[in-house]
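Here is how names work: the chains are called A, B, and so on, in the same order as the sequence lines, proteins then strands, and each is numbered from 1.
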Number of protein chains: 2
Amino acid sequence: MDADLGGAQPTAAPATLRLNAVIVSVVDTTPRVLTVRHPDGRPALPYGLLRDDDRTLDRALRRWVGEQSGLELGYVEQLYTFGDIRRDSGETARTLSIAYLALVQPTAARVDAAWIDWYDLLPWEDWRSGRPAAHDALLPALSDWVDDAAGPACHQRRRDRVDIAFGIDPQRERASASEPAGGDLWDGVRVLDRYELLWEAGLVAEALRDRGDDAADTHPAGSWRGTPLALDHRRIAATALGRLRGKLTYRPVVFELLPPTFTLRRLQQVVEALAGVSLHTQNFRRLVDRGGFVEGTGEFEEQTGGRPAERFRFRPEVLRERPRPGLGLPRRS
Amino acid sequence: MDADLGGAQPTAAPATLRLNAVIVSVVDTTPRVLTVRHPDGRPALPYGLLRDDDRTLDRALRRWVGEQSGLELGYVEQLYTFGDIRRDSGETARTLSIAYLALVQPTAARVDAAWIDWYDLLPWEDWRSGRPAAHDALLPALSDWVDDAAGPACHQRRRDRVDIAFGIDPQRERASASEPAGGDLWDGVRVLDRYELLWEAGLVAEALRDRGDDAADTHPAGSWRGTPLALDHRRIAATALGRLRGKLTYRPVVFELLPPTFTLRRLQQVVEALAGVSLHTQNFRRLVDRGGFVEGTGEFEEQTGGRPAERFRFRPEVLRERPRPGLGLPRRS
DNA sequence: CGACTTATGCTCACGCGTAGCATTACCTTA
DNA sequence: TAAGGTAATGCTACGCGTGAGCATAAGTCG
């Protein structure tokens, strides 16, 4: 490699820089994302700017989130930096978004804030009650998109992408009726793949909008398309969900979303909410306490209906006992 | 949440923007990273700038890497955006680095380029020949750092961090002599944790340099400290190694580093080089072909010493057959 | 030809994930 | 007060993936 490598002159476009936050909390069985109102009226992810006196990007994020909403962020993780030119079709300068994922406990959240159900944004991601209804509309539409391909090579690539992203088994395709689609091949982590596929296929409102079609949000609705966000924020939300799902399986991040003590049922609910699948209760319990993730306090929760549940607390020692401590997903049904 | 959220005025510091690439290839059993010469004389990761006409960040990267080195990148993945203020202690403006990981096949690489062994940068990461020798010096030094903590809380936190990052079992600590440290708790993915720990403990040259100590590279050498890079580039290289190790276990990325056909031995070597551990050959073979990752061509490799090995090729269908196809790491010894 | 190296096949045990069945303990309602 | 419902929790059987070794095949080297 030549010695002058990397010696380029700084002629680069001075891009606008922005920090975005996907702030997540789980209330009941609903995973929720904090939104603000964008100038164009649509909901958007909260964002802020980097200041000279912010020593690190993380600190900048915590600072402005605190200033804007009063939220004290706990767990924070950088997600991705988005810089596609299509982000702001209107403006001339490129906008660069550094996106972060943050987890907060519901109690810390202001009640009046504009939280939105994550699965309102991405309805095709929630398998907790079986195959998401959104698939009924999306899969045929994707099939049409596959068939619209120009040339057999493109066709094949599209089919592969759809099959992989949505976990479609080409073998079992026809034997359908008997089995209502198992989702064995569904990979919960591929949230971004799926969103981008739908974008390319023109099945989400942002696709039309980004292509210059105004009045895109007057798109034939149907809840199966999900609620669009401003700019490319839904793409960011998809990235966040995928990342979080992945992380669940090898780091005990769920506990960031829970109060200091909680019942196992509650823990399971939160995991299910994020993973988007129902879990086998008994196996989940075994996993969690034989795995050393939690320990019982002596206390019991008294609620309506059913035997009182013991309250547990997170056992931080698990981090020292196991190299990659995460909650596997013992799926039910 | 208030309606004026996110409406901040763009008073942000106009940061300098830069794209960095960790370009990886494996030759023989050595994982190597492409470097260039930084103005200060130290080796550095290649970097380039974003241009107005680059539609996406990925494309910008491919463009300037091609311009600079003639390399055609195959697999490319965004790693992380670094923006700590300490990056450029000298300059006033903050530099933002968007770092990418790229995998190339050795044949595509120009021979005269300045490739550097990844484990020269991070000598404590290579367990292929048992416990890395670098640990002999590092672990005691880290222990000293732990003991230097101000106050018991800080002490405990430091101890936990060291133990977790380096997979130290506090129980088995004393029973030492008999067992030469198994590394059962070692998590190959925590490369960045380890590097940052060493940085904080002042055990890598960059630490002194970043703290304003000039002549930092005249630091008492010892190969166990690893070769420093310019700026924070070693941190970026550590991020890349961690990410790649993680990805190996759930996506078939290794094949990006291999020619179209290869022997299983070669495949194993490459995985071992990246994972930094030795694998159990028979179990690895079983994993790989029962897992459907490869299929035999009829051809055989004729080489010196030993029975000829069949040449295999990657089986892309595995992507459709299994939700998270990755090579587990059946560790040896 | 014998020693050595590498490739490849096969077995056996164990732990974990999958799937149910069973029991306990409290609430609600008849 | 008894019956029925719901939730929590315990326990077992089974299959598969993984860990660990033994054994054999098929070349090269001296």
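- A:Asp289 has its CG atom 9 Å from the P atom of D:dT9, to the nearest Å.
- Among C:dT8, D:dT9, C:dG17, the nucleotide with an atom closest to any side-chain atom of B:Arg285 is C:dT8.
- Note: A:His135 and A:Trp127 have perpendicular aromatic rings, judged against thresholds of 30 and 60 degrees for the angle between ring planes.
- Here the side chains of A:Leu279 and A:Leu287 are not in contact, with every heavy-atom distance at 4.5 Å or above.
- For the pair B:Arg131 and B:Trp186, the cation-pi test (distance below 6.0 Å, angle within 45°) is failed.
- In this structure, A:Asn283 places its CG atom 14 Å from P of C:dC21, rounding to the nearest Å.
- Side-chain atoms of B:Gln269 and B:Arg266 form a donor-acceptor pair, as typed in the model, at a separation below 3.5 Å.
- Each of A:Arg290 and A:Glu310 was assigned the nucleotide of DNA chain D with the nearest heavy atom; the assignment lying further toward the 5' end belongs to A:Glu310.
- We find that CZ of A:Arg322 is positioned 11 Å from C1' of C:dC16, with the value rounded to whole Å.
- As rounded to whole Å, 15 Å separates atom C1' of C:dT5 from atom CD of B:Glu301.
- Atom NE2 in B:His280 sits about 10 Å away from atom P in D:dC22, given to the nearest Å.
- Overall, the helix from C:dC1-D:dG30 to C:dA30-D:dT1 carries an axis bend of 0° between its ends, with five pairs at each end and the value rounded to 10°.
- With hydrogens and angles disregarded, no donor-acceptor distance shorter than 3.5 Å links the side chain of B:Gln105 to the backbone of B:Leu257.
- Although no hydrogens or angles enter the test, the distance criterion places no donor-acceptor pair under 3.5 Å between the side chain of B:Arg311 and the main chain of B:Thr261.
- C:dC16 atom C1' lies 7 Å from atom CZ of A:Arg286, rounded to whole Å.
- Here the P atom of nucleotide C:dA19 and the CG atom of A:Leu279 are 12 Å apart, to the nearest Å.
- Of the possible donor and acceptor atoms, one in the side chain of B:Arg128 sits under 3.5 Å from a partner among the backbone N and O of B:Thr29.
- A residue-by-residue look at B:Ala309 and A:Leu287 shows that B:Ala309 has its nearest nucleotide of DNA chain C further toward the 5' end.
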**Asked** Once each nucleotide of nucleotides 23-30 of chain D is scored for protein heavy atoms under 4.0 Å, what B/S/- sequence comes out, 5' to 3'?
**Response** --BBBSS-

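- Using a 4.5 Å heavy-atom threshold, the side chains of B:Arg251 and B:Glu77 count as separate.
- Regarding A:Arg265, its CZ atom lies at a distance of 17 Å from the P atom of C:dC26, rounded to whole Å.
- B:Phe262 has its ring centre less than 6.0 Å from the ring centre of B:Phe255.
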